[in-house]
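Only one structure is covered here, and it is reproduced in the block below.
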Amino acid sequence: MSKNTKDFFKKKKGWSKVKDEILACYLKPYFTKIQYTKKKIIYIDGFAGVGIFEDGTLGSPLIAYNIAKEVGTELNIELIFIEQKFSNELSNNVKNYNNCCVISGNYEDNIVDLINKNEGNNIFVYVDPFGIKNINFSYFEKLNSSSLNSAEFLMNLNSFGFIREGCRLLKADLHDVQVDEEFEEFMDENQEFKKTNTIEHMNSIAGGDYWQEIIQEHRDGKINGYEAEKRFVELYCTKMKEFGKFKYVINIPIRTKAGSPPKYRMVYATNHADGVILMNDNMCKRFDELLNIQTGGSGSLFQENSENEIIDFNKVQSNLLSLLDTKYINYFDLIATYIDHFEIIKTKYLNEQLRSLESERKIIITRIPPTTSTGKASKFISPGKNQKTLIRLEVS
């Protein structure tokens with residue numbers, strides 16, 4: 001655990017607030033919708049902390065509880081908080097709350113048993129560790145079990161911390177990336193971790209040895225440290241889809257300074273198109289907040305994606321077209337696939353490009369119903385209640 005762990009829970013910092021907002025803003029619609037499955041909801045916080053910061057702000061356990069109560073799912077939900085170091089403090093802070101269970105122990109010693117005990121239920125797992133040493137990839141492989149009614153997870157991944165540690169183990173210099181002092185709060189206790197960590201352990205965290213080739217490419221000068229971190233995350237998410245059997249895995253970097261490595265990335269996995277679109281829009285709102293922090297409130301002159309890259313709308317159109325053929329695809333499936341394959345981007349931008357492609361007669365959009373209540377032709381892109389949007393390539 002971080003050398004600054006004792007001080008971590010004194011006051012919630014800006015980037016920590018963004019992380020909790022991503023969780024909170026997704027859980028409210030998630031709990032609301034998932035309760036209609038009539039199956040029990042199991043919410044697991046794998047590294048729960050103390051529950052309440054010393055300045056009075058709520059941590060993730062009580063954020064989740066309050067949302068469950070607000071949307072009326074408290075009778076059909078079990079909230080399980082796993083915490084080792086601060087389990088006594090956490091137990092005291094949630095003692096007056098219903099359906100909350102504190103497990104004193106390690107995430108990795110409990111998660112598989114919890115999954116096995118909840119066949120037929122809906123599981124949402126939130127994983128927010130210090131550092132990287134306690135996120136063995138094999139546990140994520142077991143999460144998306146066919147015996148569950150549904151499974152989703154949201155994780156704080158210290159991706160740059162992984163690259164930095166990988167460089168140390170493989171004796172590769174990471175001189176081309178500048179980090180600030182705050183970044184150290186996300187690293188495992190340096191001396192202890194360095195003494196015991198191995199390449200094999202790093203393979204178990206990453207779900208393979210692919211990261212070693214990334215480090216080698218950096219050492220050979222083919223990519224810089226920033227590109228190495230981004231490449232690692234892309235392949236990590238691909239592994240999640242391959243071995244975790246999740247249909248969609250997306251991520252957003254959390255950085256408070258443009259041009260700096262992310263303090264961490266929030267990685268989200270689901271099998272549902274509406275879930276990935278909802279999380280995408282949630283992440284885009286949080287990115288706007290981060291952009292204000294990065295620019296000191298002045299904003300950006302350009303439209304940027306979550307990687308702080310200027311959006312090339314010609315490329316967006318090209319990417320959309322690459323996902324289409326002459327067979328109709330549902331709007332939600334198209335948007336979710338775009339987000340999963342290419343980038344976190346505001347859905348309004350994708351809608352604008354679809355409308356442009358329609359006006360240029362490059363695509364056909366069929367709207368159901370085809371007319372409004374007043375008899376005019378329907379013009380919606382994103383379908384509302386009792387509406388449907390189907391899209392395909394124009395046949396020349």
Side-chain angles (χ1 to χ4, degrees), residues 15 18-19 131-132 135 137 155-184 186-187 197 199 202-203 205-242 248-269 280 283-284 286-287 290-291 293-295 300 302-316 318-319 322 338-345:
W15 40 259
V18 171
K19 174 182 63 179
I132 58 175
I135 51 172
F137 190 90
M155 176 176 59
N156 166 2
L157 176 66
N158 188 345
S159 50
F160 184 72
F162 183 97
I163 290 297
R164 191 166 77 164
E165 176 62 9
C167 285
R168 185 190 70 83
L169 283 173
L170 297 180
K171 297 178 171 54
D173 192 358
L174 199 56
H175 64 278
D176 58 350
V177 178
Q178 299 295 318
V179 299
D180 56 42
E181 292 181 1
E182 265 189 0
F183 187 83
E184 298 301 329
F186 296 89
M187 292 305 295
N197 195 29
I199 292 175
M202 296 290 279
N203 288 343
I205 294 170
D209 60 6
Y210 59 90
W211 63 274
Q212 297 179 43
E213 184 176 345
I214 296 173
I215 302 298
Q216 184 61 51
E217 288 181 354
H218 175 263
R219 180 165 31 193
D220 293 343
K222 296 179 180 178
I223 57 175
N224 62 36
Y226 301 97
E227 292 167 329
E229 182 272 337
K230 188 177 179 182
R231 182 87 57 87
F232 167 68
V233 172
E234 289 171 350
L235 292 176
Y236 186 90
C237 291
T238 297
K239 287 287 181 181
M240 280 290 181
K241 286 188 279 189
E242 290 178 357
Y248 305 106
V249 182
I250 63 174
N251 76 90
I252 183 173
I254 306 299
R255 56 168 64 89
T256 54
K257 295 180 182 178
S260 67
K263 292 187 179 297
Y264 50 84
R265 285 182 182 259
M266 299 300 290
V267 178
Y268 167 73
N280 170 81
M283 287 179 170
C284 284
R286 306 291 80 77
F287 173 70
L290 287 170
L291 196 58
I293 294 174
Q294 293 170 9
T295 62
S300 173
F302 306 98
Q303 293 163 322
E304 298 181 13
N305 64 16
S306 63
E307 299 289 344
N308 287 113
E309 300 166 340
I310 297 172
I311 299 172
D312 181 346
F313 287 106
N314 287 328
K315 187 175 181 180
V316 172
S318 177
N319 288 337
S322 73
Y338 181 96
I339 294 163
D340 178 68
H341 280 36
F342 299 112
E343 61 188 335
I344 302 294
I345 184 173

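Note that the numbering runs from 1 along the sequence shown for the chain. What you see below is based on every heavy atom in this structure, not just the backbone, and it leaves out hydrogens, waters and symmetry mates.
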Taking all heavy atoms of [X] and all of [Y], pick out the closest pair and write down the distance.
X: Tyr338; Y: Val316; answer: OH-CG2, 3.5 Å
X: Lys239; Y: Ala206; answer: CG-O, 4.4 Å
X: Ile344; Y: Cys284; answer: CG2-SG, 3.7 Å
X: Phe342; Y: Ser322; answer: CZ-OG, 3.7 Å
X: Gly166; Y: Met202; answer: N-CE, 3.6 Å

(message) Looking only at the aromatic ring of each residue, does the gap between the centers of Tyr268 and Tyr248 stay below 6.0 angstrom?
(response) no
Please confirm whether the backbone N or O of [Y] pairs with a side-chain atom of [X], one donor and one acceptor, at under 3.5 Å?
X: Asp176; Y: Gly225; result: yes
X: Asn158; Y: Gly161; result: yes
X: Asp220; Y: Lys222; result: no
X: Asn224; Y: His218; result: no
X: Ser318; Y: Lys315; result: no

Any non-hydrogen side-chain atom of [X] less than 4.5 Å from a side-chain atom of [Y]?
X: Tyr236; Y: Met240; answer: yes
X: Lys241; Y: Asp340; answer: yes
X: Ile254; Y: Pro262; answer: no
X: Met266; Y: Met155; answer: no
X: Ile250; Y: Cys237; answer: no

(message) For Asn197, give me all partners under side chain to side chain donor-acceptor pair (under 3.5 Å), at least two apart in sequence or on another chain.
(response) Glu165, His201
(message) Just to verify, what does Asp173 make a side chain to side chain donor-acceptor pair (under 3.5 Å) with, not counting sequence neighbours?
(response) His175
Rounded at 0.5 Å granularity, tell me how far [atom1] in [X] sits from [atom2] in [Y].
X: Asn319; Y: Asp312; atom1: CG; atom2: CG; result: 9.0 Å
X: Leu170; Y: Glu213; atom1: CG; atom2: CD; result: 12.0 Å
X: Ile215; Y: Asp209; atom1: CD1; atom2: CG; result: 12.5 Å
X: Ile214; Y: Arg231; atom1: CD1; atom2: CZ; result: 6.5 Å

(message) Name the residue from Trp211, Phe137, Tyr210, Tyr264 that meets the ring pair (Phe, Tyr, Trp, His ring centres under 6.0 Å) definition with Phe162.
(response) Trp211
(message) Taking Glu309 first and then Lys230, would you say they form a salt bridge - that is, a charged N and a carboxylate O separated by under 4.0 Å?
(response)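 The answer is yes: the pair qualifies as a salt bridge.
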(request) For the pair Glu229 and Arg164, find out whether any cationic side-chain nitrogen is under 4.0 Å from an anionic carboxylate oxygen. (result) no
(message) Under a 3.5 Å cutoff, is there a donor and acceptor pairing between the side chains of Asn251 and Glu234?
(response) no
(request) Step by step, work out the side chain to side chain donor-acceptor pair (under 3.5 Å) result for Asn203 and Gln212. (result) CA-CA 9 Å; Asn203 288 343; Gln212 297 179 43; 3.2 Å; yes
(message) Quick one, Phe160 with Phe232, criterion ring-ring contact (aromatic ring centres under 6.0 Å, His included). Give me CA distance, side-chain angles, the key distance, then yes/no.
(response) CA-CA 9 Å; Phe160 184 72; Phe232 167 68; over 10 Å; no
